[in-house]
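These notes concern the structure reproduced below.
Residue numbers start from 1 in every chain, and the chains themselves are labelled A, B, ... in the order their sequence lines are given, proteins ahead of strands.
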2 protein chains.
Amino acid sequence: MSEKKPNIYDVARLAEVSHQTVSRVLNNQPNIRPATRARVEAAMAQLGYQPNPAARSLVTAKSNMLGLLVSDTGLYGPAGMLNAMERSARQAGYFAITVAVRFDSPESWAEGLQHLSRMHVEGIATIALQSEVIKMAAKIMPNIKLVAIDTDDQANRVNSVGIDNLGGGHMATKHLIELGHKKILHIMGPATSSEAQNRRRGYEQAMVEAGLEPATVQGDWTAETGFRIGIELNLELTGYTAIFTANDQLSLGLMKAFNMRGVKVPADISLVGFDDIPESPYFNPPLTTIRQDFNQLGEVAIEMLLSDLAGTKRKKFEALKPNLVVRDSAIRISTSRK
Amino acid sequence: MSEKKPNIYDVARLAEVSHQTVSRVLNNQPNIRPATRARVEAAMAQLGYQPNPAARSLVTAKSNMLGLLVSDTGLYGPAGMLNAMERSARQAGYFAITVAVRFDSPESWAEGLQHLSRMHVEGIATIALQSEVIKMAAKIMPNIKLVAIDTDDQANRVNSVGIDNLGGGHMATKHLIELGHKKILHIMGPATSSEAQNRRRGYEQAMVEAGLEPATVQGDWTAETGFRIGIELNLELTGYTAIFTANDQLSLGLMKAFNMRGVKVPADISLVGFDDIPESPYFNPPLTTIRQDFNQLGEVAIEMLLSDLAGTKRKKFEALKPNLVVRDSAIRISTSRK
DNA sequence: GTTATTTTTGTGAGCGCTCTCATTTCGGAC
DNA sequence: GTCCGAAATGAGAGCGCTCACAAAAATAAC
């Protein structure tokens, strides 16, 4: 039904040159007479010629592909990063093979890595996965170039980029402290997430610096958990006047629970989230939160991976600054309260 | 630094067989003595051999790759579908090349398609893109197999899967009608989206069937627009007692605006959304909405693409049924109101 | 003009695999 | 044992491209 795709020889014949000249045109090599180049290009256009990437990879031993290993959430953050990474990779002439794995399943990671290994990708970018994955990658593909977004690799043994989660946690907490709050609770993300850990660390630092006592409740990234915690939390007993949550969804769940219980946000309790998802301004009340630029994060990650691939790497770690977005969910503590 | 990767001949030598026998083991061909197969497999393991996909593609003229063309939203729906599609493709032994394009930019579509064409993908799945894209694809890659999720191709000239948006719109509207509402407004998604169009059509059908007059306001997929509309809407004048929005975010924005204006949901006005994003149960009040199963959608799409590729295609179009999730944002109209 | 030098083009091999076809080996039937 | 058909294995070519090198053509120097 469909006739054979034209190859480099077909183009050469039509342009009355050798296949090698066609190859040169294809690769933008110098020392081709303009007239010749034009003739070849015309022939290509006429035949609708498209170079075969398999043949090219075979001889150059470069796949021109990058693997994007991402945990399988439908979360706003990862999705945005993925988009940005794909676009950056494409702009640089690379193809992005995406692999969605389960956040908490080592078998799933191994499977995903195997998949990428089979495809002989030149480099891998991981999003929000533990350093365990990176060790795995090193085992499966010994010499693979890798960059991690938001990983818990403390030893800094791998290229990584992330926002300054510690700084962000600190910033959120400090904002609440400056509003006069003393009893501030932190609801943490999943314990396995380095982002969650660092946000907590930032929270704790800010508390300790202010001479306040940190207190953390274990959560995850879902509104559901925020809701559950909000229902269970005994505010009278504990006396909390403010809560910093590890992401915006937790705050949403919390708001819902408080609303049901007749606890007023922010009058009775102030809330600060993290991420600034597009919905946050429309929460009830609009959420004060820490914003991170997911697009930039993705772009920087790919940039880093590519420069590593090219051997012109600059630094091993890059931390982007998040910033505080003040809205209505956190206010100055009323002096009537303790 | 890294020594050459082993090839099929290296394995053959070690296993003391011919390269062809190794190839047979690789491809699970019959008529190999178990002992021989074991020997070859041992040799592969010992050398850490991994077949070179480029070489394989070159000779088989099959790239083993699928292109996933998705518009660049960080929306919950597309992200979930993408995940599901990638996983399905992987399970079937295919590699997924993701390309993120701009929803509204034909140049961006063309660029994305070119990219996939260069990679010689065997098939393409598009998510929420207009039929324009499909025509473009046919031009760039004449014989490409394609499946579209949620496209506006009315002529049904392309394989597509989608939820029954018309049915969903109908269902949402009917729910409101059954609750006694007569003046029901629809806030539509972007005009270019076929999903938005079909949801509206479902709404209109239900209204007409009930002898009511349909009325639509043009929106998009954002909470921001929902908010703006909610602020501008003159409820006293128009007398609306219920609104059906094309997605959940619009409802969220609406809720926010109504809350600011002192309009009570659902006491003063009932709301029904569409999608059932994970946050919807935590809206204030929890949103009654139409749920669609994005994972299933992605799986069915890939299944369809693969069966088309295999020549065992069954049907050209598949519509999944969405279902109504009743929560608190829509209630029976109070008899005191007209 | 002739020769040296540079620019431009061409030739053949080979990347790692699967294909087709040829050859060897193995099991039984007698 | 011998013979035959089937099972198992091997040999060689070729997919479409780039690489290293060789040859031809154009230009420069005299």
Between the side chains of B:Ser117 and A:Gln50, does any donor sit under 3.5 Å from an acceptor?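 A donor-acceptor contact under 3.5 Å links the two side chains.
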Please report the shortest heavy-atom distance between B:Phe103 and B:Trp109, naming the atom on each side.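 In terms of heavy atoms, the two residues are closest at O-CZ2, 3.2 Å.
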- Query: Could you give the distance from CZ (A:Arg39) to CZ (A:Arg33), rounded to the nearest 0.5 Å?
  - Reply: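 These two atoms lie 8.5 Å from each other.
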### Query
How long is the span from the CE atom in A:Met65 to the OH atom in A:Tyr94, to the nearest 0.5 Å?
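Separation between the atoms: 11.5 Å.
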(Q) If you apply the rule side-chain contact (heavy atoms from CB on, under 4.5 Å), what do you find for A:Leu305 with A:Met85, and how did you get there? (A) CA-CA 11 Å; A:Leu305 185 55; A:Met85 292 169 97; over 6 Å; no
In whole angstrom, what separates [X]'s [atom1] from [N]'s [atom2]?
| X | N | atom1 | atom2 | answer |
| --- | --- | --- | --- | --- |
| A:Gln29 | C:dT9 | CD | C1' | 12 Å |
| A:Arg13 | C:dT9 | CZ | P | 19 Å |
| A:Arg56 | C:dG16 | CZ | C1' | 18 Å |
| B:Met119 | D:dC17 | CE | P | 12 Å |
| B:Arg24 | C:dT24 | CZ | C1' | 12 Å |
| B:Asn27 | C:dC19 | CG | P | 7 Å |
| A:Glu16 | C:dG10 | CD | P | 10 Å |
| B:Ile8 | C:dG14 | CD1 | P | 18 Å |

Please determine whether a side-chain nitrogen or oxygen atom of [X] lies at a distance below 4.0 Å from atom OP1 or OP2 of [N].
| X | N | answer |
| --- | --- | --- |
| B:Arg33 | D:dA7 | no |
| A:Ser18 | C:dT11 | no |
| B:Asn31 | D:dA8 | yes |
| A:Thr36 | C:dT9 | yes |
| A:Ser23 | D:dT18 | yes |

What do the steps show when you test B:Val101 against B:Val70 for side-chain contact (heavy atoms from CB on, under 4.5 Å), and what is the final call? CA-CA 6 Å; B:Val101 300; B:Val70 58; over 6 Å; no
Does the plane of the ring in B:Tyr76 sit parallel, tilted or perpendicular to the ring in B:Phe294? Use 30° and 60° as the thresholds.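 Perpendicular: the ring planes of B:Tyr76 and B:Phe294 meet at over 60°.
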Within the 4.0 Å heavy-atom criterion, would you say A:Pro51 contacts the bases, only the backbone, or no part of the nucleic acid?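 Answer is sugar-phosphate: A:Pro51 comes under 4.0 Å of backbone atoms only.
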So which protein nitrogen or oxygen atoms get under 3.5 Å of nucleotides 12-15 of chain D's nitrogens or oxygens?
unit_1, atom_1, unit_2, atom_2, d
D:dG12, O6, B:His19, NE2, 2.9

